[in-house]
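Just follow the structure's listing: the first ligand is 1, and inside any ligand the first atom is 1. Every heavy atom of this structure was used, including side-chain atoms; hydrogens, water molecules and symmetry mates were not.
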Amino acid sequence: MPLAAPDREIRDRALALQKTLVDWRRRLHMNPELSFEERETTAFLEETLRGWGLEPVRRTPTGLWADLEGGGGSGPTVAVRADIDALPIHEANAFEFRSRRDGVMHACGHDGHTAILLGVTRTLLDLRDRLPGRVRLVFQPAEELLPGGARPMIEAGVLDGVDRIIGLHLWSLLPTGRAGIAPGPLMANADAFEIRVRGRGGHGAQPHLAADALAAAAQVVVSLQQVVSRMVDPMRAAVVTVGVFRAGSAFNVIAPEALLQGTVRTFDADVRARVREALSRVAGDVAHAFGCEAETDYREGYPALVNERGTVEVFRAAVAAQMGEAALVEPEPFMGGEDFAYYLLERPGAFLFLGARNPEVGAEYPHHHPNFTIDEAALPWGVAVLAATAWRLLEAPLAREG
Ligand code: NI
C-alpha cells in the first residue's frame with residue numbers, strides 16, 4: 001500500500017506560501033494581458049519554472065506546461081490546469097496593485113489561478129521525493145475568448161500521457177473557506193450570436209420613406225425575451241442575453257442597419273438546439289414585420305463542463321482533509337462557460353469552485369465586474385486542495401466513472 005497523501009505537510013507548505021502567493025498574484029494583477037496575448041505572463045512563468053529546475057514546454061504562442069516527475073513511484077500522470085488571461089475591462093478598484101494597463105484587467109481571478117498553480121508546483125517540488133507519479137502543470141492561455149486556449153493546447157499535446165485532469169475557479173459566490181464540487185454538469189454550453197438587422201436609411205423626418213433598422217432591432221431585443229420564457233421547458237435552464245446593440249450615426253438620420261450581439265447559455269443539447277432555432281426565427285420574422293431583414297450568425301462556444309464522479313470524490317476527500325469537512329458545499333451549477341470542459345471531453349477529471357468572497361476585503365463583486373477582486377486568503381486553500389487531490393489521484397488510480 002502506498003503511503004497516504006501527506007496532508008499535513010501539504011497544508012503547512014501551502015499556508016507558508018501565503019505571502020509569496022499574494023506577491024505573485026499582485027504582480028500578475030498589475031500586468032494583465034488579454035487572451036492569446038499573454039506574452040509577459042508566459043515569460044514570467046517560464047523563467048520561474050526554469051529557476052526551479054523544471055523544463056517548460058511551449059508549443060503555443062502563449063501558455064506552457066511542465067512535468068514534475070515524482071520520485072515516489074511510477075503512478076499515473078495527473079494534469080493540473082490554470083488559466084492565465086485577463087479581460088478587456090477597465091479596472092475601477094483603487095488599491096495599490098490595480099491594473100497598470102488601461103482597459104485590461106484580471107476581473108475573473110485568473111491571476112489567482114496562476115499564482116495557485118505556481119504554489120502547487122512549489123509545494124509538490126518540495127515533496128517530490130515521495131510524489132507517487134507525474135504531475136503536469138498546465139498554464140493555459142485565453143480562457144476568456146472563443147474559441148479558447150484549451151483546444152490549441154490539446155492539439156499541441158498537453159494531454160498526451162495524461163490520465164486525469166483537475167482544475168479550479170476562485171468563486172465570488174462562495175465565501176472564503178468553502179469549496180463546491182459535484183458530479184455532472186457544473187457549467188453551461190456558452191454560445192455567441194450576432195444579428196444584423198438591415199433596413200433602408202433615410203431622413204429622420206420621413207420615416208415613411210425608410211425602413212428603420214434601429215426600431216426593428218429594438219423589437220427584436222424585446223421579442224427575444226420570450227424565447228426562454230415561452231419556448232423552453234420551464235424545468236430546463238436557458239439564458240438569452242443581448243449584450244451589444246449598435247445602430248445609427250446621427251440624431252436626424254434613420255439607421256439603415258443595426259447590430260445585436262449576445263450569448264445563449266444552456267446545459268442540454270436539445271435545449272441548445274431549440275433556442276438556436278428560435279433565435280433566428282424570431283429575429284427574422286420580427287424584422288420582417290417592420291420591413292427589414294435580419295440575418296443571424298450563431299457560434300457554438302464552450303461545451304457544458306461535466307464533472308466525473310470518481311475525481312469528484314477524490315476532490316471532496318482532499319477538501320475535507322485540507323479545509324475541514326464543513327468547507328464542502330453543493331455548488332449551484334453556473335451558466336458561465338469554461339473551456340476546461342474541452343479537457344473533460346478527452347480525459348476524466350473534475351473542476352472545483354473555491355470560495356474567495358469576503359466583503360471585508362472588498363471581494364464581493366461578481367466576476368467580470370470592474371470592481372471584482374478576490375480574497376487573497378483563498379490562495380493557500382487552492383494550493384492545498386489541488387496538491388492534495390493530485391497526490392491522491394497518483395497514489396490510488398481510479399477507473400473511469402460517469
Ligand atoms: Ni474565469
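- Counting backbone and side-chain atoms alike, His367 contributes no N/O/S atom closer than 2.8 Å to the Ni ion (ligand 1).
- For Arg392 and Asp7, the salt-bridge test passes: some basic side-chain N is under 4.0 Å from an acidic carboxylate O.
- At least one N/O/S atom of Cys108, whether from backbone or side chain, sits less than 2.8 Å from the Ni ion (ligand 1).
- Of all N/O/S atoms in His169, NE2 sits nearest the Ni ion (ligand 1).
- Asn189 and Glu300 form no side-chain donor-acceptor contact under 3.5 Å, judged by distance and modelled atom types alone.
- Taking the six-membered ring where tryptophan is involved, the planes of Trp171 and Phe353 are essentially parallel, since the angle between them stays under 30° and well short of 60°.
- For Phe351 and Phe340, the distance between ring centers is under 6.0 angstrom.
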